[in-house]
Amino acid sequence: MNSERYSGSCHCGAVRFTANADLGQTITCNCSICRRTGAILAFVPANEFTLVSGADALSDYQFGRKSVHHLFCRTCGVRPFGRGTGPDGREMVAINVRCLDDVDLAKLRPVAFDGASL
Ligand SMILES: [Zn+2]
């Protein structure tokens with residue numbers, strides 16, 4: 001894993017976070033929510049993620065099996081990250097790479113993930 005430290009935020013700035021992530025491994029997903037929100041996602045263990053501010057600014061949206069917390073800023077509506085559990089039971093954070101500072105999105109090569117078939 002080739003992780004680097006990144007910082008990110010929602011649009012209005014209420015929600016700020018830092019994370020150690022490997023942007024060599026990102027996905028886009030065709031599930032019912034990702035196809036609408038258009039996120040590019042990088043997954044990190046929860047202990048590699050720090051919510052710097054905005055815990056009280058986040059709203060939690062859940063659907064289907066309600067296994068994932070699709071968090072979004074209640075002020076600006078941006079969806080900077082979500083929380084869930086990995087296949088091995090570890091707490092994971094799905095970071096929306098589009099919300100990270102100073103990342104050249106055009107250089108990423110996200111893999112298409114077929115979340116719609118899960
Ligand atoms: Zn916001």
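When a residue number appears, it is its place in the shown sequence, counting from 1. Order of listing sets the numbers, starting from 1, for every ligand and every atom in it.
For a distance threshold of 2.8 Å, the protein N, O or S atoms nearer than that to the Zn ion (ligand 1), listed by chain and number, are C10 SG, C12 SG, C73 SG, C76 SG.
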Taking only distance into account, with no hydrogens and no angle test, what donor-acceptor pairs under 3.5 Å do side-chain atoms of residues 42-56 form with protein atoms, sequence neighbours excluded?
unit_1: E48; atom_1: OE1; unit_2: N20; atom_2: ND2; d: 2.8
unit_1: S53; atom_1: OG; unit_2: A14; atom_2: O; d: 3.1

Per-pair distances, 0.1 Å, donor-acceptor, side chain in residues 31-39, under 3.5 Å, sequence neighbours excluded:
unit_1: R36; atom_1: NH1; unit_2: S32; atom_2: O; d: 2.8
unit_1: T37; atom_1: OG1; unit_2: I33; atom_2: O; d: 3.1
unit_1: T37; atom_1: OG1; unit_2: R79; atom_2: NH1; d: 2.4

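Identified under the ring-ring contact (aromatic ring centres under 6.0 Å, His included) test for residues 97-118, with sequence neighbours left out: none.
In R65, the CZ atom is not crowded: 12 or fewer heavy atoms of neighbouring residues, nucleotides or ligands sit closer than 6.0 Å.
With 3.5 Å as the limit, one finds no donor-acceptor pair spanning the side chains of S7 and R16.
For the pair A57 and V15, the tightest heavy-atom approach, listed with the atom from each and the gap, is CB-CG2, 4.1 Å.
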